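Remember, predicted model here, so these are calculated numbers, not experimental data. Just follow the structure's listing: the first ligand is 1, and inside any ligand the first atom is 1. Sequence positions, counted from 1, serve as the residue numbers for this chain.
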Amino acid sequence: MGKEKIILTGDRPTGRLHIGHYVGSLKRRVELQNSGMFDKVFIMIADAQALTDNVDNPEKVRQNVIEVALDYLACGIDPMKSTIFIQSQIAELCELAFYYMNLVTVSRLQRNPTVKTEIQMRNFETSIPVGFFTYPISQASDITAFKATTVPVGEDQKPMLEQTNEIVRRFNHIYGEVLVEPEILLPDNAACLRLPGTDGKAKMSKSLGNCIYLSDTAEEVQKKVKSMYTDPDHLRVEDPGKIEGNTVFTYLDAFSRPEHFERYLPDYPNLDELKAHYQRGGLGDMKVKKFLGAIMEEELAPIRQRRLEFEKDIPAIYEMLQKGCEEARATAAQTLAEVRKAMKIDYFNDTELIAEQVKRFAK
Ligand code: TRP
């Protein structure tokens, strides 16, 4: 106890997962799951959090729960090694959040940079739903309910982890050591930290239509790679080209490995040489895009193939999720019992309480 290494992470089911999710977190989760270094791995489909800004679209969330589950399995999340579960099915998480709310101030929530950006993006400025505003607290419940030590997520989740750690410290200070401070695990490759959309915009997002999905067909992937944003001033092959802000090269930073050059582009020993040639001039966008297309296909084909296999037995996926929810609930209930005890609201499990009160009221 106490020294266990536990992973908890998750995604909002608001769409199918894309390659930004993949390099930003999913790939790492699978490696961690298979590393044997963790005692438990919990992967949560955050449907309740998705509803905080999709109140009027429950059907979207419902449809995407299964999409995300399929994406997880396709990437290699293995239900024998990881517990995949659905947030809303764990009522204990709400109760924890309710208690944690007393440990956080409104102004602290207002300072959360990720929430700030999201408020702008959703035009919530004049009228923020309370549930949305407080989701960082709910996220602290998600993490602490499982006593997670490690949370592999994208960079945008950093403020949530900071908020969680503040809650843990405050709780433990007031009520005693019950909760565990988690550590964020970010991708180590800068290109993976925030993979841009195919249009070169800062982030891959469904609403911008600039995503390559894990479930895209080979044709869709190749078409998207071919139309990717490069250097707009690189008009002729002979022209010198820019690497910075050139999406194709950012993707190569994220996806290419030395063996890809041997296999698909043996004229170049490595990415640095390819970049140098592009910058000198004489290297056309199409050639680089073809190379990227080959790499993407190599990476995505097995994922796509596995997804199609899993899609053949949908009832089995729901069964797996239900089992995952049961396991997750048992763990969260254990933490909640400890929290209640520490907060002195465990009236009927405290064998001394009645005797104490009897003494107090004895005339
Ligand atoms: N906020 C995360 C996202 O938008 C989803 C999430 C909810 C999560 N609870 C979590 C991630 C707990 C890690 C840990 O993708």
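Counting non-hydrogen atoms of neighbouring residues, nucleotides and ligands closer than 6.0 angstrom, the CD atom of Glu238 exceeds 12 such neighbours. With a 6.0 Å radius and a threshold of 12 heavy atoms from other residues, nucleotides or ligands, Lys203 has its NZ atom at or below the threshold.
In terms of protein heavy atoms, atom 7 (C) of ligand 1 is closest to Gln49 NE2, 3.3 Å. Atom 2 (C) of ligand 1 has its closest protein heavy atom at Gln157 OE1, 3.4 Å. Counting protein heavy atoms only, atom 8 (C) of ligand 1 is closest to Gln139 NE2, 3.4 Å. Here the heavy atom of the protein found nearest to atom 9 (N) of ligand 1 is Asp142 OD2, 2.8 Å.
Among the candidates Lys27, Arg28, Arg29, His21, the single residue satisfying the side chain to side chain donor-acceptor pair (under 3.5 Å) test with Ser25 is Arg29.
Ligand 1 places these atoms under 4.0 Å from at least one heavy atom of Ala46: 7 (C). Those atoms of ligand 1 that come under 4.0 Å of a heavy atom in Leu8, given as number and element, are 12 (C), 14 (C). Remark: ligand 1 atoms within the under-4.0 Å shell around heavy atoms of Val153 are 11 (C), 13 (C).
In terms of polar-atom proximity, Asp11 is not counted as a contact of ligand 1, lacking any N or O under 3.5 Å from an N or O of the ligand. Between Tyr135 and ligand 1, not a single N/O pair is under 3.5 Å apart. For a threshold of 3.5 Å applied to N or O pairs, the pair formed by Arg12 and ligand 1 contains at least one separation below that value.
A distance of 6.0 Å or more separates the ring centres of Tyr268 and Phe261. Aromatic rings of Phe255 and Phe291 (six-membered ring for Trp) have centroids beyond the 6.0 Å cut-off, not under it.
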What side-chain donor-acceptor pairs closer than 3.5 Å can you find for residues 320-329, not counting sequence neighbours?
residue : atom : partner : partner atom : Å
Glu327  : OE1  : Thr83   : OG1          : 2.9
Arg329  : NE   : Gln89   : O            : 3.1
Arg329  : NH2  : Gln89   : O            : 3.2

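Within the 4.0 Å heavy-atom cutoff, Met44 counts among the residues contacting ligand 1.
Neither the backbone nor the side chain of Asp156 comes within contact range of ligand 1; no heavy atom lies under 4.0 Å.
For Lys147 and Glu338, the salt-bridge test passes: some basic side-chain N is under 4.0 Å from an acidic carboxylate O. A salt bridge does not link Lys226 with Asp285: every distance from a Lys NZ or Arg NE/NH1/NH2 to an Asp or Glu carboxylate oxygen is 4.0 Å or more.
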